[in-house]
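Residue numbers start from 1 in every chain, and the chains themselves are labelled A, B, ... in the order their sequence lines are given, proteins ahead of strands.
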Amino acid sequence: MLHRTIHLFRKELRLHDNPVLLAALQSSEALYPVYILDRAFLTSSMHIGALRWHFLLQSLEDLHKNLCQLGSCLLVIQGEYETVLRDHIQKWSITQVTLDAEMEPFYKEMEANIQCLGAELGFEVLSLGSHSLYDTQRILDINGGSPPLTYKRFLHILSLLGDPEVPVRNLTAEDFQKEGLSSCLPGLEKKLRVKDVLCLALHEERRCSAPDPDLAECYRVPLPVDLKISPENLSPWRGGETEGLQRLEQHLTDQGWVASFTKPRTIPNSLLPSTTGLSPYFSMGCLSVRTFFYRLSNIYAQAKHHSLPPVSLQGQLLWREFFYTVASATPNFTQMAGNPICLQICWYKDAERLHKWKMAQTGFPWIDAIMTQLRQEGWIHHLARHAVACFLTRGDLWISWEEGMKVFEELLLDADYSINAGNWMWLSASAFFHQYTRIFCPVRFGKRTDPQGNYIRKYLPILKNFPSKYIYEPWTASEEEQKQAGCIIGRDYPFPMVNHKEASDHNLQLMRQVREEQHRTAQLTRDDADDPMEIKVKRDHTEENISKGKVARTTE
DNA sequence: ATATCGTTGGCTTG
DNA sequence: CAAGCCAACGATAT
């Protein structure tokens with residue numbers, strides 16, 4: 001029996017390699033492609049900021065256009081998702097809801113709630129994942145249930161698993177216009193596409209005998225102004241599958257560049273991205289990682305030599321998988337407390353200093369330029385992320401990585417629950433990375449790849465007339481030189497908020513202390529422990545946290 | 001038990 | 001500008 005289906009788009013905002021949408025089409029006589037714009041959810045669970053709102057709306061508009069070309073359309077419905085679903089299940093006599101499976105707790109909770117609703121209202125739920133290359137559960141199973149904590153070990157497990165699943169075929173107009181399928185609302189269909197009117201289900205034709213003139217208006221993709229989001233958008237990234245695919249193709253034409261890509265050698269302060277800059281498209285599912293993975297495999301197969309993980313382009317996709325895997329099996333992954341893999345550190349709470357960092361007012365041009373690019377454009381290079389993250393946490397300010405993570409979540413177009421938290425733990429040497437004596441210098445680090453400071457001049461124009469020898473440390477210029485540059489330090493641009501040498505030396509000592517204490521407590525715990533499990537959670541040894549962790553594990 | 005090694009530091013030396 | 005040192009962690013391999 002064929003279903004009457006609502007397909008819920010959540011993250012996978014694309015028509016290529018979209019397995020659950022394909023399955024929805026194949027199992028349905030009527031299909032409603034829906035995006036529920038639940039502002040409370042997007043704000044409180046996903047913490048999306050203004051730039052990401054723009055990117056999301058652009059992606060929805062593009063999805064709508066692409067669906068229209070195939071004889072369908074996107075129905076955007078604003079409201080709380082459960083209420084919206086409840087209303088439309090009845091209104092449209094729905095028997096099936098399909099949706100992309102996602103791994104974030106808030107998306108999983110949403111899916112569980114939809115399952116419950118299905119049991120109550122009598123519709124089936126089908127969800128399939130396509131956001132990652134591998135099913136994280138299979139990786140965990142091979143590793144004996146616990147996540148691999150090193151990339152090397154992770155790669156080893158992948159070598160046992162083999163290549164990821166290949167992408168499903170692209171959707172075509174035939175999929176949407178097959179005999180007897182009606183896709184989207186009949187009234188809307190006629191409005192949006194006069195030529196190819198679908199063969200409609202009988203009862204739907206009856207219902208729409210008096211088409212609502214406001215139907216199209218009612219389901220359209222809202223504009224930023226409708227959502228009271230500032231129309232200002234300086235980001236060069238434009239959301240959507242079409243733009244994402246264009247950028248992908250553009251990068252793949254340079255096969256030599258693709259084959260020899262070596263991440264640590266890319267330049268954090270080039271004025272145009274030295275990496276692909278595709279992350280925003282992957283994070284919102286405008287692009288399929290499986291599609292990219294296999295396009296890379298094809299190029300590697302033709303190349304004489306190619307780079308390898310961890311530094312290769314494919315290796316970058318695998319880093320993403322690595323963090324998904326660890327996040328999926330670690331309780332409280334996005335926080336320190338109750339997170340068994342995270343070093344427990346007593347960070348300073350200093351709202352004023354945090355604010356300076358966040359608002360690009362640290363007085364270190366290299367740091368402030370990066371934070372300005374982040375704020376204006378929503379994307380910064382990976383190494384630039386390292387520089388500002390190290391500065392905020394173990395390097396200079398000794399402020400919790402969770403605070404930095406929240407700022408990135410709001411400002412980054414590619415913000416991703418697992419990857420963001422994982423990298424912040426990495427940079428703060430709280431997990432994954434342990435060579436804490438390696439501290440980025442906020443003056444020296446950027447100089448290597450941009451001695452003229454063109455990057456700083458672009459993002460901090462107030463400093464643009466300083467000679468190159470002062471551009472990374474303008475406070476060392478004499479009063480006369482500052483006047484000449486048209487920028488007085490302390491008036492037009494702040495003095496550095498810390499003495500880097502003193503701050504980083506001090507923090508290094510703190511970090512040593514933390515490790516020493518950790519070591520001692522682990523020793524104590526080991527001596528006391530009857531239960532060998534207690535040793536495993538030595539990193540986070542308080543009673544409360546252990547029980548929290550155990551509860552979270554068993555409910556998974 | 002012990003050795004190995006880590007995607008991307010900074011500094012000195014030859 | 002490449003190599004080695006710094007001081008040294010901790011997950012994994014052996």
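Checked for salt-bridge contact, A/Arg247 and A/Glu243 meet the test: a charged N lies under 4.0 Å from a carboxylate O. A salt bridge links A/Asp414 with A/Arg385; the closest basic N to acidic carboxylate O contact falls under 4.0 Å. The existence of a salt bridge linking A/Arg444 and A/Glu473 is excluded, since no basic side-chain nitrogen approaches an acidic carboxylate oxygen closer than 4.0 Å. Contact check on A/Glu104 versus A/Arg10 returns no salt bridge, with no Lys/Arg side-chain nitrogen under 4.0 Å from an Asp/Glu carboxylate oxygen.
Between A/Phe432 and A/Phe322, the distance from one ring center to the other falls under 6.0 angstrom. Aromatic rings from A/Tyr134 and A/Tyr324 are positioned such that their centres are separated by 6.0 Å or more.
The A/Lys152 side chain lies nearest to B/dC5 when the options are B/dG10, B/dC5, B/dT8. The side chain of A/Tyr436 approaches C/dA8 more closely than any other nucleotide in the set B/dT8, C/dA8, C/dA11. In this structure, of C/dA11, B/dT7, B/dC11, it is C/dA11 that holds the atom nearest to the side chain of A/Thr150. The side chain of A/His386 approaches B/dT8 more closely than any other nucleotide in the set C/dA11, B/dT8, B/dC11.
A/Arg265 comes within contact range of no nucleotide atom at all, as no heavy-atom separation falls under 4.0 Å. Contact annotation for A/Pro268: no contact, since no heavy-atom pair falls under 4.0 Å across all strands. Residue A/Leu383 is classed as a base contact, given a heavy-atom separation below 4.0 Å to a base.
For A/Gln435 and B/dC11, the CD to C1' distance is 17 Å, given to the nearest whole Å. Protein atom NE2 of A/His434 is 13 Å distant from nucleotide atom P of B/dG6, rounded to whole Å. The CZ atom of A/Arg448 sits 11 Å away from the P atom of B/dC11 (whole-angstrom rounding). Straight-line distance from the CZ atom of A/Arg438 to the C1' atom of B/dT8: 9 Å, rounded to whole Å. Note: CD1 (A/Ile267) to C1' (B/dT7) measures 16 Å, nearest angstrom. In this structure, A/Ile341 places its CD1 atom 20 Å from P of C/dC9, rounding to the nearest Å. Spacing between atom CZ of A/Phe433 and atom P of C/dA8 amounts to 15 Å, rounded to whole angstrom units. For the pair A/Lys447 NZ and B/dG9 C1', the computed distance is 15 Å after rounding to whole Å.
Residue side chain A/Trp319 meets the stacking definition with respect to B/dT7: its ring centre sits within less than 5.5 angstrom of the base's six-membered ring centre, and the planes differ by less than 30 degrees.
Using the Watson-Crick or G-U wobble rule with both distances under 3.5 Å, B/dA3 pairs with C/dT12. Figure legend. B/dT8 is base-paired to no nucleotide; pairs are counted as Watson-Crick or G-U wobble with both atom distances under 3.5 Å.
Contact annotation: A/Arg153 side-chain N/O to C/dA13 OP1/OP2 distance is under 4.0 Å.
B/dG6 sits 13 Å from C/dA8 when the C1' atoms are compared, rounded to a whole Å. Nucleotides B/dT4 and C/dC5, compared at atom P, are 16 Å apart to the nearest Å. On the P atoms, B/dT13 is 14 Å away from C/dA7, given to the nearest whole Å.
Of the two residues contacting DNA chain C, namely A/Thr437 and A/His519, the nearest-nucleotide position lying further toward the 5' end is that of A/Thr437.
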